[in-house]
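Lettering of chains follows the sequences in order, A, B, ..., and the numbering in each one begins at 1. Atoms considered below: every heavy atom in the structure, side chains included; atoms not considered: hydrogens, waters and symmetry mates.
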Protein chains: 2
Amino acid sequence: MKTKKTYHHGNLREVLLNAALEILDSSGVEAVSIRAIARMANVSHAAPANHFADRRALLTAISVLIFKQLATTIDTALASGPAARKKRIKVFADSLLEFGLNYPHRYKLMWRRDLLDDDDLELQQTMDGIYAALLAELSSNSFPSNYSSDTFAIALWSLVHGYVSMRLDGNFEARQDEISGQPRHHAMLDLFLQVVDC
Amino acid sequence: MKTKKTYHHGNLREVLLNAALEILDSSGVEAVSIRAIARMANVSHAAPANHFADRRALLTAISVLIFKQLATTIDTALASGPAARKKRIKVFADSLLEFGLNYPHRYKLMWRRDLLDDDDLELQQTMDGIYAALLAELSSNSFPSNYSSDTFAIALWSLVHGYVSMRLDGNFEARQDEISGQPRHHAMLDLFLQVVDC
DNA sequence: AACATAATGTTGACGGTGACAATATTGACT
DNA sequence: AGTCAATATTGTCACCGTCAACATTATGTT
């Protein structure tokens, strides 16, 4: 009748993170509670405190995982991607965009700075790494003069992030999201990338 | 010693909405609780239930107010704005952008569909009205062929929304947000609006 | 091997929240 | 005057995050 083998769990931290990810994917960040993941791991409600100082620390740890997953996705896509600069930029944008559409709740959590620990070094570094990967694809002479690659990078990122956010929050109607049978974001990115040719 | 004049408050609903807006602006949507606004209105914790079915209904009512405020802001700016189409598009974008930067917590709430009532008619209509105002400034022959005004509208809105969201969530460093002493978003919008000339 | 200490887990409590039910008071209409 | 709907109160419940006190086990030193 003993359901628990040992008093000490062994790898509770990992189990808790997996539980949190599962709840996140299925029910959103609101449902990710300390007590819920403790229940799922068959452990007392205060056990997680030994591994995560508070809920913010838990969500931050999850975000680090997610950001690393995104970084890997982008790196992989770029590594096997085309050589032309403009096309590589599009690969980057597509990777980010599809990641958001594929993992809606993960994507949304990534940017909920109000729920995360701003001072977390690992989080900052992983984010910076992704931004650096974008900058690496840009060189100033590819764009209209007067515009720095930073401005271009921020514009591109804003465009993708804005679109994905709106889509995930349900602010674009389904019919608005297709044009000529193609996803809207293809046309949208092409439209934007015209400035590279200007 | 009687602090309350009457058992029935008189205009509780309005008072509650103002309290909610005050808390929202100062502390963010997380702090906007039924009980908090009840306390602020010197009323029992269950009194708001007579005016708002639940917290979601309360936040939806606030959002309607905010969207109407945004609509007014945009309409005013456009009414006294320039005549050239491209400049009017910029006025629209600037209005949206500055509204977000000026009222961070209000702007963030507007898009938190997870907290709002999707079926609220007034909310939908106010949102649709703003989008229609943007479409009204566009005509298909102003843009590169192959791109509909819907695509352009969604791209522009995504760009602005993405930038504002990132800024408000603290995802752009302060130094990244200025270029040549000008706010980054000016250069960013100019960059994007080049496609109108292509 | 024995012990000390750190790591990890449990139990119980506190105050906060949204929501509901039961009740009290008041306003409005007949 | 009497009735009913609107509105406010009190009390309760389950959930949450967090803390404190305590129990159990792992680890490492002597």
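The base of C/dG16 is not paired with the side chain of B/R35 by any donor and acceptor separated by under 3.5 Å.
Put simply, B/S44 has no side-chain N or O that comes within less than 4.0 Å of OP1 or OP2 on D/dT10.
Annotation: side-chain hydrogen bond (donor to acceptor under 3.5 Å, both in side chains) contacts of A/N50 (sequence neighbours excluded): none. With sequence neighbours excluded, no residue forms a salt bridge (charged side-chain N to carboxylate O under 4.0 Å, His left out) with B/E22. With sequence neighbours left out, B/K86 forms a salt bridge (charged side-chain N to carboxylate O under 4.0 Å, His left out) with B/D197. A/Q69 pairs by the side-chain hydrogen bond (donor to acceptor under 3.5 Å, both in side chains) definition with A/R106, not counting sequence neighbours. Scanning for side-chain hydrogen bond (donor to acceptor under 3.5 Å, both in side chains) contacts around A/K87 gives an empty result, with sequence neighbours left out. Judged as a salt bridge (charged side-chain N to carboxylate O under 4.0 Å, His left out), and not counting sequence neighbours, B/D120 has no contacts.
Following rounding to the nearest Å, B/I37 (CD1) and D/dA8 (C1') show an atom-to-atom distance of 14 Å. As a whole-Å value, the separation of A/I23 CD1 from D/dC16 C1' is 13 Å. Rounded to whole angstrom, the span from the CD1 atom of B/I34 across to the P atom of D/dT10 amounts to 18 Å. Atom CG in B/N42 sits about 10 Å away from atom P in D/dT9, given to the nearest Å. Computed from coordinates, the B/E30 CD to C/dT17 P distance equals 12 Å when rounded to whole Å. Spacing between atom CE of A/M40 and atom P of D/dC16 amounts to 11 Å, rounded to whole angstrom units.
Linking Ile, Leu, Val, Met, Phe, Trp and Tyr whenever their side-chain heavy atoms come within less than 4.5 Å puts A/V91 and A/I130 in one cluster.
Judged as a ring-ring contact (aromatic ring centres under 6.0 Å, His included), the pairs with a partner in residues 26-77 of chain A (not counting sequence neighbours) are, in order, A/F67-A/W111. Listed by first then second residue, pairs satisfying ring-ring contact (aromatic ring centres under 6.0 Å, His included) with a partner in residues 70-97 of chain B read B/F92-B/W157, not counting sequence neighbours. Each salt bridge (charged side-chain N to carboxylate O under 4.0 Å, His left out) pair with one or both residues in residues 30-42 of chain B, not counting sequence neighbours, appears once here: A/R112-B/E30.
A donor-acceptor pair is defined here as one N or O able to donate and one able to accept, closer than 3.5 Å; no such pair exists between the side chain of B/S27 and the backbone of B/L24.
Scanning residues 45-57 of chain B for heavy-atom distances under 4.0 Å to DNA chain D yields B/H45, B/A46, B/A47, B/N50, B/H51. Within a heavy-atom distance below 4.0 Å of DNA chain D, no residue of residues 11-21 of chain A is found.
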TODO: Report the secondary structure of DNA chain D in dot-bracket form, marking unpaired bases with a dot and bases paired to a different strand with |, and treating Watson-Crick or G-U pairs with both distances under 3.5 Å as paired.
DONE: ||||||||||||||||||||||||||||||
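Nearest to the side chain of B/V43, among C/dG18, C/dG9, D/dA8, sits D/dA8.
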